[in-house]
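Contents: one structure, followed by commentary.
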2 protein chains.
Amino acid sequence: MTFSVAAATTAAIVPPPIPAPPTRAAETVTGRCAGCSARSKGLCGALTAGDLPDLSTTSRPLDLLSATPVVMEGEEAEAVFTVMSGMLKLYKTLPDGRQQITGFATAGDVIGLAVDSGYAYTAETVTASTVCRMSRTALRRLMERHPAVQGRLLAMTSVELSAAQDQILLLGCKTAVERVSSFLLALSRRSRPLADGTPSVFLPMPKVDIGAYLGLRPETLSRVLRKLEVAGAITRLTNDRIRIEDPAVLEAAA
Amino acid sequence: MTFSVAAATTAAIVPPPIPAPPTRAAETVTGRCAGCSARSKGLCGALTAGDLPDLSTTSRPLDLLSATPVVMEGEEAEAVFTVMSGMLKLYKTLPDGRQQITGFATAGDVIGLAVDSGYAYTAETVTASTVCRMSRTALRRLMERHPAVQGRLLAMTSVELSAAQDQILLLGCKTAVERVSSFLLALSRRSRPLADGTPSVFLPMPKVDIGAYLGLRPETLSRVLRKLEVAGAITRLTNDRIRIEDPAVLEAAA
DNA sequence: CGCTTAATTGACACAACTCAAATCTCGTGG
DNA sequence: CCACGAGATTTGAGTTGTGTCAATTAAGCG
């Protein structure tokens, strides 16, 4: 799972997140989760309304500013996080500092699932974001009580694996133009067209991050985007929005 | 599990640790699976001896020559295969014929798990191999009857995902020398040392395949191996076996 | 509105690729 | 058991797509 649209540049408050608010009468038992924007996605989508109390009592939402680390590669994996809004980048770092972004996470994506005790990657917000924290033990308990959660986890992991293998193909075989074209096409499939119906993509992350995702330097990315623009395939609307003028050209290049 | 840099331990998020291997061979009722070399690995490792009849009746072993395709990318995914012996390469192909090997499968690895109805990659033997076929519906039934199988599947998929992300790091960031060094080290961790105790790796696949896995041309791979040999890090024993003379040099290069 | 950071552009370098030829491997048949 | 031939591997020479370095321009923010 990866990119998508997202929004706010608005700042949010980091420090002390409010614990579960006291609940009200009728709807109370379902708690905060009932109205969550990611309610039907990720892990939570595997649960029925009646199960929501299990979620509400074991998870806690967090508002995060941009550039805030959520999990750190190698650190003890004590919790998983479901993205409710915003966007995060997931990356691995080599000893000498080189970084490879393995994906971008958006609403519904789950971050921090670990094979062993340590996180496999660092996750950091690229825009102000809201994530929902659940301890690993709570997740384990949730899986035991609700087998569907395990199935959902398997489904999500399988999709991620498939995406990772696509990325391996991209990084192992494709040229710079092909990588960028593939990236823009993949994004455009997940985002809504403009008012006039032409497809467009929103790129809230800095160019250097897109480059780090595609295995390219920002300079190379910049040159490729210019080339695609000259070729009439795209138009740069703003720094963070691109209109796809001719998907066919991109398809041909990807 | 395709081999890659991280031969991680058991999943922590995921319940099922490795059950003890079957103790007695006297259970004829369990049929062919009881003596299988992959009995304790892959999916089968999630089952206890008493469950083996379920396996024996729904799976079927196949002996394959080298260069035999087992599943084809995009084809309807009707079955999964557990590798019992030998080695297979898994790869994706671009429209113009470029191929990227996403992994090599050896004993215990499961091939053909698909997110949607089509296989995500082509799998082809690189040596004569034996695989065990199980239809998708049989697998589904097995999962229903034995929840541990689903857990095992999740664990295996998670390990694969982690390996895929390591490969993304390798392809996105590393130089040719770093790629080859990482590859040799990862292999050496999984293979037994020579009689005299020095670590060595066995490379039954052609060099062009190793290159296709590392995102390198065979010529480049050849030159890198020569450089590592001159540097005293390795020795070419035969065409398909390399002795690691100095792991530290490889570590430094990886 | 000024300052800091991000993005772009240009000039150049180099790691890896391409093309081509030589050499090695290994299975096969005599 | 050895010679043969097809394919694999290695080596060489030259090319090129990206990376690197540096300077300029644009964008975001207080």
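In the text below, chain A, chain B and the rest are named by the order of the sequence lines, each starting its count at 1.
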Salt bridge (Lys or Arg N to Asp or Glu O under 4.0 Å) pairs, two or more places apart, involving residues 60-69 of chain B: none

Could I get a table of every N or O pair under 3.5 Å where one atom is in the protein and the other is in nucleotides 22-25 of chain C?
none

Given A:L187, A:L228, A:L225, the one that forms side-chain contact (heavy atoms from CB on, under 4.5 Å) with A:I242: A:L225

Pairs satisfying salt bridge (Lys or Arg N to Asp or Glu O under 4.0 Å), at least one member in residues 194-204 of chain A, at least two apart: none

For atom CG of A:L237 and atom P of D:dA27, their distance in whole Å: 13 Å

Residues in contact with DNA chain C, drawn from residues 121-129 of chain B - heavy-atom cutoff 4.0 Å: none

Under 3.5 Å donor-acceptor, B:T127 side chain and B:M87 backbone: yes

Interatomic distance where CD1 belongs to B:I210 and C1' belongs to D:dA8 [whole Å]: 12 Å

Any residue meeting salt bridge (Lys or Arg N to Asp or Glu O under 4.0 Å) with B:E245, in chain and number order, not counting sequence neighbours: B:R243

A:K41: partners by salt bridge (Lys or Arg N to Asp or Glu O under 4.0 Å), with sequence neighbours left out: none

Going by atom type alone, with no hydrogens or angles, which donor-acceptor pairs under 3.5 Å involve a side-chain atom of residues 172-182 of chain A and a protein atom two or more places apart or on another chain?
{"unit_1": "A:K174", "atom_1": "NZ", "unit_2": "A:S182", "atom_2": "OG", "d": "2.9"}
{"unit_1": "A:T175", "atom_1": "OG1", "unit_2": "A:E178", "atom_2": "N", "d": "3.3"}
{"unit_1": "A:T175", "atom_1": "OG1", "unit_2": "A:E178", "atom_2": "OE1", "d": "3.3"}
{"unit_1": "A:E178", "atom_1": "OE1", "unit_2": "A:T175", "atom_2": "N", "d": "2.7"}
{"unit_1": "A:E178", "atom_1": "OE1", "unit_2": "B:R98", "atom_2": "NH1", "d": "3.0"}
{"unit_1": "A:E178", "atom_1": "OE1", "unit_2": "B:R98", "atom_2": "NH2", "d": "3.4"}
{"unit_1": "A:E178", "atom_1": "OE2", "unit_2": "B:R98", "atom_2": "NH2", "d": "2.7"}
{"unit_1": "A:R179", "atom_1": "NE", "unit_2": "A:K174", "atom_2": "O", "d": "2.9"}
{"unit_1": "A:R179", "atom_1": "NH1", "unit_2": "A:L214", "atom_2": "O", "d": "2.9"}
{"unit_1": "A:R179", "atom_1": "NH1", "unit_2": "A:G215", "atom_2": "O", "d": "3.3"}
{"unit_1": "A:R179", "atom_1": "NH2", "unit_2": "A:L171", "atom_2": "O", "d": "3.1"}
{"unit_1": "A:R179", "atom_1": "NH2", "unit_2": "A:K174", "atom_2": "O", "d": "3.2"}
{"unit_1": "A:S181", "atom_1": "OG", "unit_2": "A:V177", "atom_2": "O", "d": "2.8"}
{"unit_1": "A:S182", "atom_1": "OG", "unit_2": "A:E178", "atom_2": "O", "d": "2.8"}

Contact list for DNA chain C against residues 218-230 of chain B - heavy-atom distance below 4.0 Å: B:E219, B:T220, B:R223

Listed partners of B:A212 passing side-chain contact (heavy atoms from CB on, under 4.5 Å), at least two apart: B:I101

Nearest-angstrom distance from the residue atom CD1 of A:I242 to P of C:dA7: 11 Å

Check: B:V201 main-chain N/O paired with B:S188 side-chain donor or acceptor under 3.5 Å: no

A:D209 CG to C:dT5 P, straight-line distance once rounded to whole Å: 16 Å

Position toward the 5' end of DNA chain D (nearest nucleotide), B:P206 or A:V177: B:P206

Whole-Å gap separating P (C:dC17) and NZ (A:K174): 18 Å

Distance in angstrom units between B:L214 CG and C:dC17 C1', rounded: 16 Å

Within residues 204-229 of chain A or reaching into it, pairs that qualify as salt bridge (Lys or Arg N to Asp or Glu O under 4.0 Å) - sequence neighbours excluded: A:K89-A:D209, A:E229-A:R236

Qualifying residues under salt bridge (Lys or Arg N to Asp or Glu O under 4.0 Å), relative to B:E73, sequence neighbours excluded: none

Sugar-phosphate, base or nothing in reach of A:T175, heavy atoms under 4.0 Å: sugar-phosphate

Length of the CZ-C1' vector between B:R98 and C:dC17, whole Å: 13 Å

Residue B:L216, side-chain atoms from C-beta onward, closest of D:dA8, C:dA7, C:dC17: C:dC17

By side-chain hydrogen bond (donor to acceptor under 3.5 Å, both in side chains) - contacts of B:S85 (at least two apart): B:T130

Sugar-phosphate only, base, or nothing, as touched by A:G211 at under 4.0 Å among non-hydrogen atoms: nothing

Spacing between B:R217 atom CZ and D:dG14 atom P, to the nearest angstrom: 21 Å

